[in-house]
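First the proteins, then the strands, lettered A, B, ... as listed; each starts at 1. Atoms considered below: every heavy atom in the structure, side chains included; atoms not considered: hydrogens, waters and symmetry mates.
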2 protein chains.
Amino acid sequence: MSGPTIYDVAAAAGVATSTVSRAFSQPGRVSAATRDRIVAVAAELGYRPNPHARALLSGKHHTVAMVVSDIANPHYFEMIRGAEMRARVSEYTLLLVNAEESPRVEWEQIQRLSPAVDGFLLAASRLPDENLRQVAAQRPVVLMSRELPDLTSVVLDHVEGCHQVVSHLASLGHRDLVYLAGPRNSWMASTRWAALQRAAEQIGVGARRIGPFTPKVTQGGAAADAAVNARATAVVAHNDLLAIGVMQRLAQRGLRVPEDVSVVGFDNIFAADVCTPGLTTLGGAHTDLGRTAVELLLTAGSRAADDPPRVVLPTELVLRGSTGTVATA
Amino acid sequence: MSGPTIYDVAAAAGVATSTVSRAFSQPGRVSAATRDRIVAVAAELGYRPNPHARALLSGKHHTVAMVVSDIANPHYFEMIRGAEMRARVSEYTLLLVNAEESPRVEWEQIQRLSPAVDGFLLAASRLPDENLRQVAAQRPVVLMSRELPDLTSVVLDHVEGCHQVVSHLASLGHRDLVYLAGPRNSWMASTRWAALQRAAEQIGVGARRIGPFTPKVTQGGAAADAAVNARATAVVAHNDLLAIGVMQRLAQRGLRVPEDVSVVGFDNIFAADVCTPGLTTLGGAHTDLGRTAVELLLTAGSRAADDPPRVVLPTELVLRGSTGTVATA
DNA sequence: AACAACTTGGCAACCCCTTGCCATCATTTG
DNA sequence: CAAATGATGGCAAGGGGTTGCCAAGTTGTT
């Protein structure tokens, strides 16, 4: 079934297995002549080191697991891409895991993989803080789009970002906004709401919250109806998927965007650029987020455990057609 | 670093390691009382079997690698999702690998992972046939969106699909179509062109090919210009990304879709639904494709090696606003 | 009571690779 | 020329779990 082992190579080259092993892992310990011969024989036999056997002893698997709270959301796409690219540079393998928005599934997957990976990337984890600390006690962990004081994390600057959003809406004349909230157990959802509230207060506009909603296009209908019912002139949706769903429903009901209602999303997914009108959304360097997270994970061993890094990446408000001046009724 | 082993459990329970092992893997071989005690002790200690150690002996890793030719394409998203879901059901781990559209990278990644996985899912592989056979000789392989006589594959029905596309355009009065081709080393690209040609011939319309183009939005500009230059009334783009890029460029040049030019894409990605006009595109059950591919891979051992299954899944032409009757100039 | 038949548990080898330690051989130095 | 030094390769253990084989223990039979 499997390929040749170092035993085969050793036999074919007429040396001990240890010599073969060292020829690859400690080139200095073997004479050039012997090494060349071994390498040649290995190549001829098509020998590939078995990473599992290696991991068994070293404890290093050269693998990191990325657990995504819902892989159906295109938002994670860029993060996955960035993570994959960075991992590949270091010849690490990226294991992709879907938690299906379920803390239980997430926990089980983590426990199952724990002995087999060098660390975890948890993207928008739905686990309670307590569980996150437990995971971190077993393996290095980097949180993505979530923060916890004692853990390493990478997030976009939601405080600044939400300020940009509110400021933008205020400058268009909106005196009031409605936040269509994300899932209850989403750290991002509560953080955004807090940041929006604070920004609204500073800027002097009102802010209300409706929800929670599962952040999918299909939920946009209910969210839109609720927003209309609340007589909102500006809605800030938890993410672009929800925002797009909201816009679809508004169009269906004959309401114009942005003339009647302005809509803002989060994440700047690809579809936000091509929908009509284009969706104003708070974007950020998601690829960098993925890249940085892997970077932090791979270098986790070389840092003091106390005061772990908490990277905050800049956001950018991408203005498109979905926001406009408030109607002067 | 790592958790407790069966040695720890054995010591704590006062039995031999083999008994612990059997308590989990061959429940019948151990008395219920002993097993209960072992399970209890294991749970208390937080014992998790080490999958690598297990794989070392059994050769089964409970892991499949999915190699995607370009992870930036949302099209793969659904396939990844389907694959991930099916793998999880069987408690298999899905390893996601990006080939970056490079046959070399793809080959290296496969070789690197080969000893560590139970099989490969190759999505739209860019490798030459020869290399695919080599991979298949080492490990079970399932091709996705690609066919090769001696290998297992899952594809959408491009023959029927392309017929639908051409038939649709013909019924709108188009006498001629232009195919904006995908990458040169893409099996899909040449297959689509062949199927389009054949359908065009049967239906009695003309078909021309322009390209190749890298199937990304940014390439849509050049593709659109070339199509306009060719006086096309209907363009069939290699995929939705390219089609969306084409539509953007056409709008920029003041050409109306579908009044001046009809546009058709492939894949039915999410953005095709929200762009303006909506993109008519040939979709299919991509989630099923991913699911089926894993299914076939996991059951690969229980089939005869000759005459491997070649699953063809149905397509559906999704009609949206980007196609219309040809202008009666 | 003696023995057969069956159940349960333990020993030890094995999977593949790494590595500490030691033996061997060659080279250098006094 | 002997002894010290260094370069090189081999032996064997170990890492976590599995499994063939055998021993001990249990139950049943005559």
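- Rounded to whole angstrom, the span from the NE2 atom of H52(B) across to the P atom of dC14(C) amounts to 24 Å.
- The residue among T17(A) and P49(B) whose nearest nucleotide of DNA chain D is located toward the 5' end is T17(A).
- Atom CG in D36(B) sits about 13 Å away from atom P in dT8(C), given to the nearest Å.
- Within the 4.0 angstrom heavy-atom criterion, only backbone atoms of the sugar-phosphate kind lie near V15(B); the bases stay farther away.
- Checking the phosphate oxygens (OP1, OP2) of dT19(C), a side-chain nitrogen or oxygen of Q26(A) falls inside 4.0 Å.
- Residue contacts shown for V20(A) are absent, as no nucleic acid heavy atom lies under 4.0 Å away.
- Across all strands shown, S18(B) has heavy atoms under 4.0 Å from base atoms, whether or not it also approaches the sugar-phosphate.
- A donor-acceptor contact under 3.5 Å is not formed by the side chain of Y47(A) with the base of dC16(C).
- At the heavy-atom level, F24(B) lies nowhere under 4.0 Å from the strands shown.
- In this structure, CZ of R22(B) is placed 9 Å from P of dT19(D), rounded to the nearest angstrom.
- Y7(B) has its OH atom 8 Å from the P atom of dG17(D), to the nearest Å.
- A salt bridge does not link E91(B) to R112(A): none of the charged side-chain nitrogens sits closer than 4.0 Å to a carboxylate oxygen.
- When each of R35(A) and L56(B) is assigned the nucleotide of DNA chain D bearing its nearest heavy atom, the one mapping closer to the 5' terminus is R35(A).
- If you take CD1 of I6(A) and P of dC11(D), they are 13 Å apart, rounded to a whole angstrom.
- For E44(B), the CD atom sits in a loose shell: 12 or fewer heavy atoms of surrounding residues, nucleotides or ligands are nearer than 6.0 Å.
- If you look at Y7(A) and Y47(A), their ring centroids are not closer than 6.0 Å.
- Distances shorter than 4.0 Å separate none of the side-chain N or O atoms of S31(A) from OP1 or OP2 on dT8(D).
- Taking a cutoff of 4.0 Å between a charged side-chain nitrogen and a carboxylate oxygen, E84(B) and R81(B) do not qualify as a salt bridge.
- Here dG17(D) presents its C1' atom at 16 Å from CZ of R48(B), a figure rounded to the nearest Å.
- Rounded to a whole Å, the CD1 atom of I38(B) is 12 Å from the P atom of dT18(D).
- Sequence order on DNA chain C of the closest nucleotides to A16(B) and L57(B) puts A16(B) first from the 5' end.
- Within 4.0 Å (heavy atoms only), S21(B) reaches at least one base atom of the nucleic acid.
- Residue contacts shown for T34(B) are limited to sugar-phosphate atoms, with no base heavy atom under 4.0 Å away.
- A salt bridge is absent between R291(A) and E295(A); no separation between the charged side-chain nitrogens and carboxylate oxygens falls under 4.0 Å.
- To the nearest angstrom, P of dT18(D) lies 4 Å from CZ of R54(B).
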